[in-house]
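The structure presented is a predicted model; accordingly, all values stated were derived computationally and were not measured.
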Amino acid sequence: MIFKKLFCKHKYSFVRNIHGDEIIHRGFKRSIWKCTECGRTRLSDELHKEGPQ
């Protein structure tokens, strides 16, 4: 599993936006993304806008 995460090209998929006090708890990040290949999660500063843009 650790080698998979080290050598993965990471294709991130949106999980959810962070709201309320959880933003402070997560270091002022606004959305959660997860790699579809290895399962690694990443936090983003930007709020993901769902739907057509």
Side-chain angles (χ1 to χ4, degrees):
M1 184 67 171
I2 212 150
F3 289 111
K4 189 174 186 179
K5 285 185 180 184
L6 283 173
F7 297 107
C8 183
K9 298 289 182 188
H10 300 305
K11 297 176 184 173
Y12 288 103
S13 173
F14 174 71
V15 177
R16 68 181 183 94
N17 285 321
I18 301 171
H19 300 283
D21 290 340
E22 187 180 2
I23 294 170
I24 297 167
H25 176 71
R26 301 259 184 185
F28 296 95
K29 303 296 183 179
R30 298 300 311 263
S31 59
I32 300 173
W33 297 78
K34 186 173 186 174
C35 178
T36 57
E37 303 292 320
C38 70
R40 180 179 181 178
T41 57
R42 165 177 86 91
L43 300 175
S44 175
D45 291 333
E46 283 83 34
L47 183 67
H48 179 68
K49 296 177 182 142
E50 300 178 39
Q53 297 181 14

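- The salt bridge (Lys or Arg N to Asp or Glu O under 4.0 Å) pairs that include a residue from residues 19-33 are R16-E22, E22-R26, K29-D45, where partners are two or more places apart or lie in different chains.
- Remark: the backbone N or O of S31 is not paired with any side-chain donor or acceptor of N17 at under 3.5 angstrom.
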Test side-chain contact (heavy atoms from CB on, under 4.5 Å) on L47 and I18; report intermediate values, then the result. CA-CA 8 Å; L47 183 67; I18 301 171; over 6 Å; no

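- The other residues sharing a hydrophobic cluster with W33 are Y12, F14, where clustering joins ILVMFWY side chains under 4.5 Å apart.
- Considering only heavy atoms from C-beta on, T41 stays 4.5 Å or farther from V15 through its side chain.
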Steps toward side-chain contact (heavy atoms from CB on, under 4.5 Å) verdict (E37, H10): CA-CA 7 Å; E37 303 292 320; H10 300 305; over 6 Å; no

